[in-house]
Amino acid sequence: MHGATTHCGYNPPFPLQNGLAMRLSKFHIATTREDPADAEIASHRLMLRAGMIRKLASGIYTWSPLGLRVLRKVEAIIREEMRNAGAIEMLMPSVQPRELWDESGRWNKYGPALLKFRDRREQEFCYGPTHEEVICEFARNELRSYRQLPVTFFQIQTKFRDEIRPRFGVMRSREFIMKDAYSFHMDQASQDETYRAMYDAYSRIFTRLGLEFRAVAADSGAIGGDVSHEFQVMADSGEDAIAFSDRSDYAANVELAEAVAPATPRPAPSQKLTRVETPEQRTIEEVGAFLNVPARQCVKTLLVRGTDGVVALCLRGDHELNEVKAAKQPELPGESVLAGEAEVRAATGATPGFIGPVGLPQDIPVIVDRSAAVLADFVCGGNVDGTHYTGANWERDARITRVADLRKVVAGDPSPDGRGMLSIARGIEVGHIFQNGDKYTRAMNVAVLGEDGKARTPITGCYGIGVTRIVAAAIEQNHDERGIIWPDAMAPWRAVICVINPKNDPAVDAAAESLYRDMTGRGIETALDDRGLRPGAMFADLELIGIPHRIVVSERGLAAGRFEYRGRRDAESRNMDRDALLALLG
RNA sequence: CGGGGUGUAGCUCAGCCUGGUAGAGCGCCACGUUCGGGACGUGGAAGUCGCAGGUUCAAGUCCUGUCACCCCGACCA
């Protein structure tokens with residue numbers, strides 16, 4: 001009972017498993033040679049091949065022991081930096097009662113992404129896609145005095161958003177792990193200070209994780225004055241488009257980036273307004289080709305649903321509508337929805353494809369994009385099917401209710417800060433920080449007593465990081481044809497020792513074990529590949545899994561008194577003695 | 001929500017058109033030979049052919065329904 005031997009007679013070799021060490025023969029490695037059928041992007045394909053994740057249902061994944069090691073690395077860094085920034089950790093429920101969401105109004109407003117269900121007593125719940133309601137409920141019970149503020153709470157929690165279309169593995173999954181933080185403040189100055197602290201903490205987190213990222217100005221939402229930044233990991237496979245200046249640090253989500261007004265004034269009209277027959281020519285491409293006019297000399301007119309009838313939005317033919325900008329126009333109800341064909345016909349008498357600003361009924365507001373507003377002698381729809389106008393001109397032929405910024409920026413546009421030109425690159429949103437004002441605290445009746453003894457509504461900020469998505473984003477940035485190349489901070493192990501053909505020479509096994517002890521003893525997180533695979537299969541596995549540093553222990557190397565070292569990005573191995581190895585990895 | 005596609009062994013897929021004993025490669029198990037870039041041989045285990053109904057002497061195959069998964073689109077006139 002108290003002796004050195006155990007009841008089961010099992011004496012594990014030292015060390016079987018601890019914080020730093022792992023024998024792969026006792027771990028679960030499940031790689032595949034073939035590409036999975038359903039994976040389209042590198043990270044999804046490699047995570048499946050490496051055996052990090054397995055799909056359980058659409059957008060729902062199991063994290064294997066290997067995947068979890070990486071996930072925990074990410075979590076640990078986030079946790080550490082959040083603590084350094086003064087945030088305190090807690091854990092809120094994933095299942096939330098409807099009543100809370102009715103208070104904020106989001107039970108109905110959040111939309112179909114909110115997963116709702118009932119318990120056995122027919123009480124309604126949702127699986128939390130975010131936790132503003134719960135933290136406010138917590139805060140209104142726990143926070144009584146301005147003396148307790150400012151305070152920032154955070155948690156690392158599983159969330160669920162019933163995405164229209166989950167894809168790319170954990171990049172856009174329905175169930176995912178998020179770090180979310182919420183700060184409470186008595187005034188804007190305090191909010192600004194915490195916002196800055198979170199911005200800096202996020203920058204440190206993504207830097208430590210070894211990611212190439214940019215903090216970009218983001219859509220601030222319908223409530224004016226709010227501040228928001230997204231943290232984007234740059235990757236061609238990203239789902240977001242980022243505009244950034246080549247000469248300054250300006251960076252913004254394309255949704256937000258301002259398209260500045262052209263510097264050149266509108267030329268005077270030189271052509272006569274002429275209606276031309278354009279049978280079946282509906283798109284700008286078709287009309288432009290038919291009339292031999294470039295798209296940039298055409299005006300396209302979109303009819304959207306306004307608060308009071310349809311609203312016409314006019315853009316240059318080669319530009320695209322930015323729906324976020326459109327939704328902010330006062331004539332619109334806060335969202336940009338194109339009118340249906342029947343509505344278009346009722347309002348104009350023509351069908352989509354032949355709509356233009358010339359001769360539109362007086363009750364339809366005409367909002368013209370800045371770039372379209374400086375055109376002269378342009379082509380536009382004739383408001384009669386099968387016809388367009390050439391030589392059209394604003395004011396003379398077509399009414400302008402207002403000029404506004406309506407379009408998406410394109411590469412080559414001037415930077416809104418006046419310095420340089422915009423480029424557009426793709427990014428993966430891994431973090432997003434907001435200032436919410438009193439949006440949630442007011443709806444949820446959060447109040448604390450101020451210095452004067454009167455109740456005050458605190459303002460809040462919220463700060464999210466997509467923990468699971470970071471893992472995929474890191475792979476998008478760091479992989480080659482052989483597999484994943486982990487940044488050191490995220491690697492499941494820092495180094496792996498490969499034991500080659502130990503049966504041929506007992507010294508190989510002994511040397512590997514000895515090195516394994518030395519490395520883990522020095523605090524180097526090390527895996528020992530004692531699975532007994534053939535070398536080719538072993539190397540292929542380890543490269544797929546992406547362990548940054550590999551040491552090969554073999555009969556051949558020991559004969560020379562050396563170990564063979566190869567970094568994951570190295571083209572060739574080099575021989576090193578034990579001290580040099582420990583110095584390199586320590 | 002609309003359109004398209006796919007469901008057959010753990011994985012990648014063939015077989016379906018033209019109904020008649022369930023297949024391959026990889027992986028897995030055993031033995032042997034191998035052993036520095038995913039070895040070879042022999043033997044073996046493994047599938048209610050997504051599910052339900054129908055047609056038929058007979059259904060993986062034809063028909064109907066249904067479910068799941070994937071892709072594209074969700075109106076840029």
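Lettering of chains follows the sequences in order, A, B, ..., and the numbering in each one begins at 1. Both backbone and side-chain heavy atoms feed into the values below; hydrogens, waters and symmetry mates do not.
- One finds no salt bridge joining R550(A) and D570(A) here, because no Lys/Arg side-chain nitrogen approaches an Asp/Glu carboxylate oxygen to under 4.0 Å.
- As judged by a 4.0 angstrom heavy-atom cut-off over every strand, D38(A) is placed among residues touching the sugar-phosphate backbone only.
- Nearest to the side-chain atoms of A57(A) among the listed nucleotides C69(B), G38(B), A77(B) stands C69(B).
- Straight-line distance between the P atoms of G54(B) and A59(B): roughly 12 Å, to the nearest whole Å.
- Within 4.0 Å (heavy atoms only), L313(A) reaches no atom of the nucleic acid at all.
- For NZ of K272(A), the number of neighbouring non-hydrogen atoms (other residues, nucleotides, ligands) closer than 6.0 Å is 12 at most.
- With both ends at atom P, the span from A74(B) to G38(B) equals 46 Å, rounded to whole Å.
- Residue contacts for A339(A): at a heavy-atom cut-off of 4.0 Å it reaches a base atom on one of the strands shown.
- Relative to the side chain of R534(A), the nucleotides G38(B), A39(B), C11(B) differ in distance, and A39(B) lies closest.
- If you check every strand for non-hydrogen atoms under 4.0 Å, R566(A) touches a base.
- Residue R482(A) is classed as a base contact, given a heavy-atom separation below 4.0 Å to a base.
- A donor-acceptor contact under 3.5 Å links the side chain of E34(A) to the base of G25(B).
- Residue contacts for T301(A): at a heavy-atom cut-off of 4.0 Å it reaches a base atom on one of the strands shown.
- Look at C11(B): its Watson-Crick or wobble partner, with both distances under 3.5 angstrom, is G25(B).
- To the nearest whole angstrom, the two C1' atoms, one in G7(B) and one in C40(B), are 35 Å apart.
- Taking the P atoms as reference points, C67(B) lies 33 Å from G23(B), given to the whole Å.
- Atom C1' of A46(B) sits at a distance of 6 Å from the matching atom of A9(B), rounded to the whole Å.
- Taking atom C1' on both nucleotides, C51(B) is separated from U6(B) by 16 Å, rounded to a whole Å.
- K55(A) comes within contact range of the sugar-phosphate backbone alone, with a heavy-atom separation under 4.0 Å but no base atom that close.
- Taking a pair to require two hydrogen-bonding distances under 3.5 Å in either a Watson-Crick or a G-U wobble arrangement, C62(B) pairs with G54(B).
- Around the CZ atom of R305(A), the shell of radius 6.0 Å holds more than 12 heavy atoms that belong to other residues, nucleotides or ligands.
- The P atoms of C70(B) and G37(B) are separated by 39 Å, rounded to the nearest whole Å.
- Heavy-atom nearest nucleotides on RNA chain B were determined for I500(A) and for G353(A), and the one closer to the 5' end corresponds to I500(A).
- Spacing between atom CG of L360(A) and atom P of A77(B) amounts to 16 Å, rounded to whole angstrom units.
- Base pairing analysis places C31(B) opposite G41(B); the two distances defining the Watson-Crick or G-U wobble pair are each below 3.5 Å.
- For I164(A), the CD1 atom counts as loosely surrounded, since its 6.0 Å shell holds 12 or fewer non-hydrogen atoms of other residues, nucleotides or ligands.
- Aromatic ring pairs are classed by plane angle as parallel below 30°, tilted from 30° to 60° and perpendicular above 60°; the pair F125(A) and F117(A) is parallel.
- Of the candidates C35(B), C76(B), G38(B), G38(B) carries the atom nearest the R49(A) side chain, counting heavy atoms from C-beta on.
- Using a 4.0 Å heavy-atom cutoff across all strands shown, R550(A) reaches at least one base atom of the nucleic acid.
- Between the P atom of A39(B) and the CZ atom of R33(A) lies a distance of 7 Å, rounded to the nearest Å.
- G41(B) sits 12 Å from G27(B) when the P atoms are compared, rounded to a whole Å.
- Looking at heavy-atom distances under 4.0 Å, I164(A) makes contact with a base.
- Heavy atoms of E564(A) sit under 4.0 angstrom from at least one base atom.
- In this structure, G2(B) forms a base pair with C72(B), meeting either the Watson-Crick or the G-U wobble geometry with both donor-acceptor distances under 3.5 Å.
- Summarising the base pairing, U48(B) is matched to no nucleotide, lacking a Watson-Crick or G-U wobble pair whose two defining distances lie under 3.5 Å.
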